[in-house]
There are 2 protein chains.
Amino acid sequence: MADNPSYKERKVITIGVVSELTGLSERQIRYYEERKLIFPERSPKGNRKYSFSDVEQLIDIANKREEGVQTYEIRQEMLKAKRKEERRYRKELLRGEINARFGVQKE
Amino acid sequence: MADNPSYKERKVITIGVVSELTGLSERQIRYYEERKLIFPERSPKGNRKYSFSDVEQLIDIANKREEGVQTYEIRQEMLKAKRKEERRYRKELLRGEINARFGVQKE
DNA sequence: CGTGTAAGGAATTCTGACACG
DNA sequence: CGTGTAAGGAATTCTGACACG
């Protein structure tokens, strides 16, 4: 589904660059991690690494915060969206299984 | 043509990460820049920033070097490919202009 | 030519804490 | 709650140079 090299998801960007890209302070970025809104990886020596996808997520968070939405609420929204996505995915899986057993044959 | 956000071309990766990604030493990466094989941007304070595209380019360079190709030769090949690409592009431009004046109308 | 390394300095990042509100 | 800041240390990056071959 995603590109195989998947430039968007590779966690390769350091916090300083993320700060420039998002306009957020490093303090804010680390705090949003503490509040479980963002999940960077760590380099061997402990430096945070973010993906472009994380950068976009942070920009969304920044917009919500400007509207006065609290981090807790943002987290709730994220969890809700995630559950919805999982339901959609399971449904898709199920459809595939049913087709494999009872569906019309291809060719 | 490329994605608008253009994750592949944004120069956001520090040299340490590029070193991990490519298996090349920082010394080698800086040297290939000196030889004009790679063109990182610089952060305000002078740190090199690379794109995913640069990383791929470096992997190609590493492969060529393993085959014993010298940096000078690699550079010549790159310049040749670039000129070829430019000819293709100008041809494309020209075709567009001709169509705009004399070509069949759409609709 | 291509790469390793030691050198010294400057910039980056990390954590835990105090501050304000 | 969300963010700024000073603190001290560790890791990163930079440049110019010497070394080997």
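It should be emphasised that the depicted structure is a prediction, and the values quoted were computed from it without experimental measurement. Convention: sequence-line order gives letters A, B, ...; per-chain numbering from 1. Atoms considered below: every heavy atom in the structure, side chains included; atoms not considered: hydrogens, waters and symmetry mates.
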So if I define the base as every atom that isn't primed, P, OP1 or OP2, how would nucleotides 11-18 of chain C read as a B/S/- string at a heavy-atom cutoff under 4.0 Å? SSSSB-B-

Exercise answer: donor-acceptor pairs, residues 61-68 of chain B side-chain atoms, under 3.5 Å, sequence neighbours excluded:
residue, atom, partner, partner atom, Å
Lys64(B), NZ, Glu77(B), OE1, 3.3
Arg65(B), NH1, Val69(B), O, 2.8

Looking at residues at least two apart in the chain, or sitting in another chain, which of them share a side-chain hydrogen bond (donor to acceptor under 3.5 Å, both in side chains) with Arg83(B)? none

Quick one: is Tyr31(A) getting a side-chain N or O under 4.0 Å of the dG2(D) phosphate, OP1 or OP2? yes

Check DNA chain C against residues 67-78 of chain A and give the residues with a non-hydrogen atom under 4.0 Å, in numerical order. none

Over how many whole Å does the gap from Glu33(B) atom CD to dG2(C) atom P extend? 15 Å

Less than 3.5 Å apart, which donor and acceptor atoms pair up between the side chains of residues 52-59 of chain A and the rest of the protein, not counting sequence neighbours?
residue, atom, partner, partner atom, Å
Asp54(A), OD1, Lys11(A), NZ, 3.3
Asp54(A), OD2, Lys11(A), NZ, 2.9
Asp54(A), OD2, Ser51(A), N, 3.0
Asp54(A), OD2, Ser51(A), OG, 3.2
Glu56(A), OE1, Lys8(A), NZ, 3.4
Glu56(A), OE2, Tyr7(B), OH, 2.3

Who passes side-chain hydrogen bond (donor to acceptor under 3.5 Å, both in side chains) against Arg30(A), sequence neighbours left out? Glu26(A)

Arg88(B) and Glu85(B) ion-paired at < 4.0 Å: yes

Take the protein atom NZ of Lys36(B) and the nucleotide atom P of dG2(C), then report the distance between them rounded to whole Å. 14 Å

Among Ile, Leu, Val, Met, Phe, Trp and Tyr joined by side-chain contacts under 4.5 Å, find the other residues sharing a cluster with Phe39(A) and list them by chain and number. none

Remaining members of Leu93(A)'s ILVMFWY cluster at a side-chain heavy-atom cut-off under 4.5 Å? Tyr89(A)

Using a cut-off of strictly less than 4.0 Å between a heavy atom of the residue and any atom of DNA chain C, enumerate the qualifying residues of residues 55-66 of chain A by number. none

Stems involving DNA chain D: give each as a range paired with a range, ordered by first number, where a stem means at least three consecutive Watson-Crick or G-U wobble pairs under 3.5 Å. C:2-5 with D:17-20, C:17-20 with D:2-5

Would you call Arg48(A) and Arg42(A) a side-chain contact if the rule is heavy atoms closer than 4.5 Å? yes

What closest approach, in Å, do Arg35(A) and Thr71(A) show between heavy atoms, and which atom pair accounts for it? NH1-OG1, 3.0 Å

Fellow cluster residues of Tyr72(A), listed by chain then number, with links counted only when side-chain atoms sit under 4.5 Å apart: none

So the side chain to side chain donor-acceptor pair (under 3.5 Å) pairs with at least one residue in residues 13-25 of chain B (sequence neighbours excluded) are Ser25(B)-Gln28(B)

In the structure I gave you, are the side-chain heavy atoms of Tyr32(B) and Leu24(B) within less than 4.5 Å of one another anywhere? yes

Shortest non-hydrogen contact from Ile38(B) toward Ile29(B): CG2-O, 4.1 Å

